[in-house]
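Fair warning: this is a prediction, and the values are worked out from it, not measured in the lab. Here is the naming used below: chain letters follow the sequence lines, and residue numbers restart at 1 for every chain.
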Amino acid sequence: MKHAMNLISVALLLGVSVALAETPDVGEIIERANQAAYYAGTDGRSEARMRITDGRGREQVRQFTLLRRNGEDGKQEYLVVFSRPADVRDTVFLVHKNPGDDDHRWLYLPGLDLVRRIAPGDVRTSFVGSHVYYEDVSGRHIEEDAHELVEVTDEHYVIRSTPKDPGSVEFAAFKTWIDRETFLPMKSEYEKSDGEVYRRMQVLEVEDIDGYPTGTRMRMDDLDEGGHTIVEFRFASYDLGIPESVFTERSLRNPPRQWLQR
Amino acid sequence: MNRTLKTALIATLLLTLTSPGQADWDDDDWDDEPSALSFHGFVEGAAGHRLQSNPAIDDDWTLGEVRAQLEGIYQGDVAEWRIKLEGIGDAVMSEFDVDLREARVSFPVGDRTDVRIGRQILTWGTGDLVFLNDLFPKDWVSFLIGRDDEYLKGTSDAIRVSWFGDRINIDTVVTPRFASDTYITGERLSFFDPARNEIVGAPPRLWGRRPSTSVGNAELAMRVYGMTGANEWAVYGYRGFFGQPTAFDSERGDFTFAPLNALGASLRGPLAGGLYNLETVYYDSADDRSGDDPFTPNSEMRFLVGYEKEMATNFTVGAQYYLEWLQDYGSMQDSWPFDPAVMPDERRHMITARLTWRLMRDNLIISAMNFYSPSARDYFLRPTVQYRFDDQLQLNAGIHLFGGRDGHSFYGQFEDNSNAWARLKYSF
């Protein structure tokens, strides 16, 4: 009961502060954007399809089902089960995301029955051959960058983020356009040190799913090489009650049909 | 078969592979309910040729085949059925083969147990192409002639029961009939025979007599494992046979697979921005505990320590140190019947280095896996390249270079088997 009262007073305080200040401070915007983009609900399920077009117009396709569960202190678990193309079919990717520390990642290769642990290393590398990075899938830890609110437009808060450890990433800075209503990041542009934009993420469609605004179509452009990847999400649902035990080695060898099917 | 004819046949087989298809984004089944029954497969052409002639083997081709695989999966309400059938036209062996790669059913029993029955691929342990506690069958021939890495793992006709607890998980695998490795027979690859003190090829083909089928001769493999923080730990046990025919039955005059018990453990986890792995195992050669029978393998201790890290974006380096330590070396020395100069070392040290460079969003992967033994002064260098044209068509090529100071050491004996290979695979 006391706990509930605390929650209510916190909620009231938050409500009051939001009402008082026209523009929330940058930390709050970033936190809410992170929540909206990666933490909607207590858990979620979605099917995804990527169309990868390289700089010469050649196309590839990836298709997978994604399960996610929120843990404590910003921790999360992701399970990605591939269904296309043929050479990655039944490959399973498991992530235990640890804000403030390295994520733990595993890959199951069905042909060898091999559970391979992936070295923490660089998460800003291609996710299964697409222009999307591993880090874009599970979210960049927000404390890795310094954030500055540079502009408030009618629709967006525009945040400029600079890495605290510039040597660890390929960008000098990135700008994010965050929707003022939904707090979904609608566009990100990554800049080189001379300010030239070489990589762009755009959310092309947003749908309300189970009460959560969800980006259902996005595009990632490589402006250097000229290629891009379109990602579509369908059959999304939230708050399913997926247990923690789904995000373990068991699911790598035997993907959890109960949670994967529509 | 006539050599020119064989060359032509292999070239034709490679050329018959069809050109890439288009990725079908717009006209596909995205909205349809996934069907319970699905079929997939591939056709692959492969060729491999020796880099030098081999005095022990006439044929300079090590690999020349077309392989077609058809996979069927039936996803039932409870059980999943899966079958992988392969047809292989093999120009080197001049034969056509049908191989059942997998035929298995998987189903849960209660909330905490998964069962998998039938022909399956089984893998565990932490080594990178070094196996200590993984005593499931390997196909060394496929690996050394440049088939897909997948074929390094042989098939087991087994029952696997996996139990998942809150902190501890237990895997139990029973293989009723012992499955050996696919070992070097002298047919494609020559090897050193200590009895004849020379490198030999087939004929005669090396043949090992498998243990008779009985309850007592079934293989049992167990793994108890879990996670502590970010670290994965495992304890392994095995009761069965050495995977290769390294024992000799002097009464019957044939090679056999000596009984083996093994007990081991491993750890794997993050360390300083990379991943470490540690593994050890004790091989108890049950028929030669004193080590004085020259025709039965000695008991052995094995250690492995490895570290892997992404040193630069898309460039990963992995290194391993590995030790094989014969446990009754004194007795073995006393009873060694062959030339003492070709006796194995008491301790075989090995270092592996893997460099992997991923380019063009992983469409091009350049890699080198190198094995070097400072004690035997021998090596196996394995540079490879993989290129993905699109979702259907993939090219793999590589060179396998063996060599060493002595012709009888583990990699030194394969010097004249050094080969270059290429594979083109069309998946559907």
Which portion of A:Arg250 sits near chain B, non-hydrogen atoms under 4.5 angstrom | both
Give, as side chain, backbone, both or neither, the part of B:Tyr151 having an atom under 4.5 angstrom from any heavy atom of chain A.
-> neither
Answer key: most heavy-atom pairs under 4.5 Å with chain B among A:Thr248, A:Ile118, A:Leu109 is A:Ile118
Tell me, for B:Met311 versus chain A, whether the close heavy atoms (under 4.5 Å) come from the side chain, the backbone, both or neither.
-> neither
Can you find a pair of side-chain heavy atoms, one from A:Arg62 and one from A:Phe127, that are under 4.5 Å apart?
-> no
Do the side chain of B:Glu310 and the main chain of B:Asn314 share a donor and acceptor less than 3.5 angstrom apart?
-> yes
Among B:Gln75, B:Lys153, B:Glu80, who wins on heavy-atom pairs under 4.5 Å with chain A?
-> B:Gln75
Given a strict heavy-atom distance threshold of 4.5 Å, which part of B:Gln120 is in contact with chain A: side chain, backbone, both, or neither?
-> neither
For chain B, the option from A:His131, A:Gln261, A:Arg124 that forms the most heavy-atom pairs under 4.5 Å | A:His131
Select, from B:Gly274, B:Gly125, B:Ala230, B:Gly41, the one with the greatest count of heavy-atom pairs under 4.5 Å involving chain A.
-> B:Ala230
A:Tyr134 and A:Phe93: ring-ring contact (aromatic ring centres under 6.0 Å, His included), yes or no, with the steps?
-> CA-CA 11 Å; A:Tyr134 279 97; A:Phe93 178 54; 5.3 Å; yes
Against chain A, label B:Ile73 side chain, backbone, both or neither, depending on which of its atoms sit under 4.5 Å from a heavy atom there.
-> side chain
Are a donor atom and an acceptor atom from the side chains of B:Glu86 and B:Gln69 found within less than 3.5 Å of each other?
-> yes
Side chain, backbone, both or neither: which part of A:Asp90 has a heavy atom under 4.5 Å from chain B?
-> side chain
Ion pair check, A:Lys175 and A:Glu189, cut-off under 4.0 Å = no
Using a cut-off of 6.0 Å, state whether more than 12 heavy atoms not belonging to A:Asp73 lie near its atom CG.
-> no
Turns out that what part of B:Asp111 lies under 4.5 Å from chain A's heavy atoms comes down to backbone
Return the orientation label for the B:Trp357 and B:Phe315 ring planes: parallel under 30°, perpendicular over 60°, tilted otherwise.
-> perpendicular
B:Arg104 versus B:Ser106, side-chain donor and acceptor atoms under 3.5 Å = yes
Honestly, the part of A:Ser83 sitting under 4.5 Å from a heavy atom of chain B is neither
Just checking, any donor-acceptor pair under 3.5 angstrom between side chains of B:Arg116 and A:Asn254?
-> yes
Name the region of B:Arg358, side chain, backbone, both or neither, that has any atom closer than 4.5 Å to a heavy atom of chain A.
-> neither
Heavy atoms only, distances under 4.5 angstrom: which of B:Phe136, B:Phe42, B:Tyr225 has the most pairs with chain A? Name it, please.
-> B:Tyr225
Which atoms of A:Arg89 come close to chain B, meaning under 4.5 Å heavy atom to heavy atom: side chain ones, backbone ones, both, or neither?
-> side chain
B:Tyr307 and B:Tyr276 aromatic centres sub-6.0 Å | no
If you tally heavy-atom pairs under 4.5 Å between each of B:Lys309, B:Glu308, B:Arg268 and chain A, the highest tally belongs to B:Arg268
Between atom CZ of A:Phe233 and atom CD of A:Glu207, what is the distance when rounded to the nearest 0.5 Å?
-> 12.0 Å
What part of B:Ser162 is in contact with chain A, defined as an atom under 4.5 angstrom from a non-hydrogen atom: side chain, backbone, both or neither?
-> neither
Find the one option among A:Arg58, A:Arg253, A:Arg116 whose heavy-atom pairs under 4.5 Å with chain B are most numerous.
-> A:Arg253
Of the listed residues (B:Thr313, B:Asn363, B:Asp362), which shares the most heavy-atom pairs with chain A below a 4.5 Å separation?
-> B:Thr313
Check whether A:Ile52 gets within reach of chain B through its side chain, its backbone, both or neither, counting any heavy atom under 4.5 Å.
-> side chain
Check each atom of A:Asp101 against the heavy atoms of chain B and say whether the ones under 4.5 Å are side chain, backbone, both or neither.
-> neither
Is a side-chain N or O of A:Arg45 found less than 3.5 angstrom from the main chain of A:Leu260, in a donor-acceptor match?
-> yes
Does any heavy atom of chain B fall under 4.5 Å from the side chain of A:His96, the backbone, both, or neither of them?
-> neither
Determine whether the side chains of B:Ser142 and B:Arg147 contain a donor N or O and an acceptor N or O closer than 3.5 Å.
-> yes
Are B:Lys138 and B:Phe143 in a cation-pi setup, meaning NZ or CZ lies under 6.0 angstrom from the ring centre and within 45 degrees of the ring axis?
-> no
Max heavy-atom pairs within cutoff under 4.5 Å with chain A, candidates B:Asn277, B:Thr123, B:Leu271, goes to B:Thr123
